[in-house]
Amino acid sequence: MRYFKQCLLILVFILFSSVHIKAQITEMWDKTISNQQQNEKTKWFEDAKFGMFVHWGLFSQHAGEWNGKRYYGISEWVMFRGKIPVTDYRKQAQVFNPSKFNADEWVNLVNEAGIKYMVITAKHHEGFAMFDSKVSDYNTMNTPFHRDPMKELSAACKKGDVKMGFYYSQFLDWNEPNGGGNDWDFNEKNKDYKAYYNSKSIPQIKELLSNYGPLGLIWFDMPGGLSKEETQALIDDARKIQPTCLLSSRVGQGLGDFRDFGDGEVPSTVVKGPWEAIFTHNDSWGYSKFDQNFKTPAEIIHLLVSVVSKGGNLMLNVGPKADGTIPEASVKCLKEVGAWLKINGEAIYGTTYGSIAPQPWGATTLKPGKLFLHVTECPKNRELIVPGVDARVKKVSLLATKKTLTWKQDQQMLKITLPSPMPDEVNTVVVVEYGGRISDSYADAPAVVSPQYKECSLDVIKAKPSGNTVVKPITHSLYFGDWKHTTCATQMKSAADAITYNVQFTEPGDYKIFLEYSCPLEESKQEGLLQVGDQRFYFETLGTGSYDTWRPLLFIQQSVAMITVSEAGLKTIKVSPLNEGKELFKLSRIIVKPIQ
């Protein structure tokens, strides 16, 4: 058991120090490429906004099961989770036969969904090559299928005008003794990773770059085993074969052409430069026959808008079945998302992050001369308030119907009268056409509270920390492989440690204030102070359970005050410990609910 725990600790280190690239990587760009060249190379990627991830391999046959046991969570790790010997796992190749696979059907779905690029697992951690590799006989050509699906997909993508990309797990390979093997030892001191790289990993990467035509990108995973100089040499060799092919930041060592955040992670604010968020359609990346927790079309659209409004791309994963078909639920949902994009795509493709931070009604995206308002919740009085619009507004209209809307601009406040009913309950896009330049008020604009919405969420990223308070993302897990990322205010241990919001109340009224936080039982029952303007409210923290990266970070919404706002205007909301002691809690947001 002690040895297994050591292995888990090593895996945690790899996952969170190497795979989930975070703020500690301060220099992502490969310095051999100039900024101008970088911009030219990545323009298609930054304009695309929507990609499809595909996890397909021998693990698809297991579909989340092994020897009658179901493994909840990510199914593509079944070999690791079931501790399946290499000899037993390799036997699956003898029956692998996805006879229903049709590359043209896949690409037709991609186009119908409004997706602009596809990335598929050419080799995952299991070590099996989903292509005709001369480097290893452990590939699709030595199966009953006896075809190269990557060759067929690359041809279909070219015909369908879809950018093609390959996922390649360069560090982990459970089929190889020096790639992790069946001792599940990922300690670089105990493995000859360079021998593995030289004999299999690098040669197969070169095969993918050489044999499948022009590629949009290579999507690496699980960096490790190479120094920065060796990683740079790998990148240089790749560029010699395909100079315009993009390389993901998970190549390691702070290098790459674009940044990938952790699995299922959306940054809490705008990130400049090319980046993408990766999510899977249900709870597993590979196909799992009992995982039916699929995101709805509305959830996907809202997620896409959230990512694009912060300047990134969404790459949404599907897990095809062993027979080569994409699950019906994914097909149906993607087609509905595509129908929305067919009408509203102008507000997604080729946009930059919105100049205005998320509002109670939704988020924004931007093009020169056009500000797109993604209205996901209509205010009760149908008067949409948009702060921070300092450019001269020329026209306001609905993107879907082109209908002109009534509006009024008062200094930097824009008020728009919305129609009844709204054209789209999921997300109605309003186009604000303006002259001149609109200022970037994303980070400076106050949070908005209005009784026209059910609740107003004040995320901690919108507040100013003081004292020793640190605002940072915390990673935790609901189950194996399902990583959650919650940005919290932490290290609040004394009265000088605080988090302060500037809040614009649009109307007078009565409001109830909730604190959403996580607090270990052993640190609970501490006193805190909530200040709204010159009003003071005291509270005692409640315990929500212990925390580590293998358990969920549980949050509670504690009601702490009811306030009366006598007139519209700016107020400060501040939270701090009342006395010196342990950490007060991990605060994720303040929720202000109008009292009806």
Side-chain angles (χ1 to χ4, degrees), residues 268-269 356-361 363 377 379 385-388 412-413 441-472 486-519 526-542 544 555-579 583-596:
S268 52
T269 188
I356 298 165
Q359 299 294 313
W361 46 259
E377 183 181 350
I385 296 177
V386 188
Q412 295 187 16
M413 188 74 71
S441 62
Y442 195 100
D444 302 323
V448 175
V449 170
S450 170
Q452 300 304 322
Y453 303 94
K454 294 178 182 178
E455 67 176 44
C456 299
S457 176
L458 310 180
D459 298 334
V460 292
I461 196 68
K462 299 175 182 177
K464 181 180 179 181
S466 56
N468 294 315
T469 303
V470 177
V471 175
K472 64 179 182 179
T486 306
T487 299
C488 296
T490 65
Q491 302 301 315
M492 300 169 67
K493 298 181 179 181
S494 72
D497 305 329
I499 194 92
T500 304
Y501 297 84
N502 286 321
V503 179
Q504 176 75 45
F505 284 87
T506 62
E507 298 177 38
D510 296 327
Y511 301 85
K512 201 159 190 179
I513 297 181
F514 298 77
L515 304 180
E516 184 177 275
Y517 63 83
S518 180
C519 181
Q526 296 189 81
E527 283 190 284
L529 175 64
L530 167 71
Q531 300 178 72
V532 182
D534 56 1
Q535 301 179 72
R536 296 164 66 90
F537 305 93
Y538 303 97
F539 61 90
E540 183 180 66
T541 59
L542 307 176
T544 61
F555 288 86
I556 189 173
Q557 291 184 6
Q558 181 182 359
S559 173
V560 293
M562 185 173 75
I563 65 170
T564 297
V565 175
S566 57
E567 60 181 7
L570 279 172
K571 284 187 178 294
T572 59
I573 297 180
K574 182 179 180 181
V575 177
S576 63
L578 189 61
N579 306 298
E583 182 180 51
L584 185 64
F585 46 31
K586 291 178 172 61
L587 179 69
S588 64
R589 60 177 179 150
I590 295 177
I591 302 167
V592 183
K593 294 185 179 181
I595 298 175
Q596 305 303 321

Asks: Judged by atom type as modelled, is there a donor-acceptor pair below 3.5 Å linking the side chain of Gln558 to the main-chain atoms of Thr541?
Replies: no
Asks: Would you mind reporting whether Val592 and Tyr511 have side-chain heavy atoms less than 4.5 Å apart?
Replies: yes
Asks: For Gln557, give me all partners under side chain to side chain donor-acceptor pair (under 3.5 Å), at least two apart in sequence or on another chain.
Replies: Glu516
Asks: Step by step, would you call Val448 with Ile385 a side chain to side chain contact (heavy atoms under 4.5 Å, CB included)?
Replies: CA-CA 9 Å; Val448 175; Ile385 296 177; 5.7 Å; no
Asks: Starting at OG of Ser441, measure out to CD1 of Ile356 and round the result to the nearest 0.5 Å.
Replies: 5.5 Å
Asks: Which heavy atom in Met492 sits nearest to a heavy atom in Ala498, and how many Å separate them?
Replies: CE-CA, 4.1 Å
Asks: Run Lys593 and Lys454 through side chain to side chain contact (heavy atoms under 4.5 Å, CB included) and show every step you take.
Replies: CA-CA 6 Å; Lys593 294 185 179 181; Lys454 294 178 182 178; over 6 Å; no
Asks: Can you tell me how far apart CD1 (Ile573) and OH (Tyr501) are? Round to the nearest 0.5 Å.
Replies: 8.5 Å
Asks: Quick check: closest heavy atoms across Pro360 and Glu377, and the distance to 0.1 Å?
Replies: O-OE1, 3.8 Å
Asks: Identify the two heavy atoms, one from Ile595 and one from Lys512, that lie closest to each other, and give their separation to 0.1 Å.
Replies: CG1-N, 4.1 Å
Asks: What distance do Gln504 atom CD and Gln359 atom CD have between them, rounded to the nearest 0.5 Å?
Replies: 10.5 Å
Asks: Would you mind reporting whether Thr469 and Thr490 have side-chain heavy atoms less than 4.5 Å apart?
Replies: no
Asks: List for me each residue that meets ring-ring contact (aromatic ring centres under 6.0 Å, His included) alongside Tyr453, sequence neighbours excluded, and say none if there are none.
Replies: none
Asks: So, Thr544 side chain and Phe555 main chain: donor-acceptor pair closer than 3.5 Å or not?
Replies: no
Asks: Step by step, work out the side chain to side chain contact (heavy atoms under 4.5 Å, CB included) result for Ile563 and Asp510.
Replies: CA-CA 6 Å; Ile563 65 170; Asp510 296 327; over 6 Å; no
Asks: Starting at SG of Cys456, measure out to CD1 of Ile513 and round the result to the nearest 0.5 Å.
Replies: 11.0 Å
Asks: Enter the distance from Ile499:CD1 to Leu515:CG here, rounded to the nearest 0.5 Å.
Replies: 12.0 Å
Asks: Evaluate the side chain to side chain contact (heavy atoms under 4.5 Å, CB included) criterion for residues Glu527 and Asn579: first the C-alpha distance (whole Å), next the side-chain angles of each, then the deciding distance (0.1 Å), finally the verdict.
Replies: CA-CA 7 Å; Glu527 283 190 284; Asn579 306 298; 3.9 Å; yes
Asks: Donor-acceptor pair, distance only, cut-off 3.5 Å: does the side chain of Asn468 make one with the backbone of Asp497?
Replies: no
Asks: With a 4.5 Å heavy-atom cut-off, do Ser588 and Cys488 have their side chains touching?
Replies: yes
Asks: Going from CG on Leu542 to OH on Tyr517, what distance comes out if it is rounded to the nearest 0.5 angstrom?
Replies: 3.5 Å
Asks: What is the minimum heavy-atom distance between Pro451 and Thr506, and which atoms define it?
Replies: CD-OG1, 3.9 Å
Asks: Of all heavy-atom pairs between Gln531 and Arg536, which one has the smallest distance, and what is that distance?
Replies: OE1-NH1, 3.8 Å
Asks: Would you call Ile590 and Phe514 a side-chain contact if the rule is heavy atoms closer than 4.5 Å?
Replies: no
Asks: Can you name the nearest heavy-atom pair linking Leu578 to Ala495, along with the distance?
Replies: O-CB, 4.1 Å
Asks: Once the angle between the rings of Phe539 and Phe585 is folded into 0 to 90°, is it parallel (under 30°), tilted (30 to 60°) or perpendicular (over 60°)?
Replies: parallel
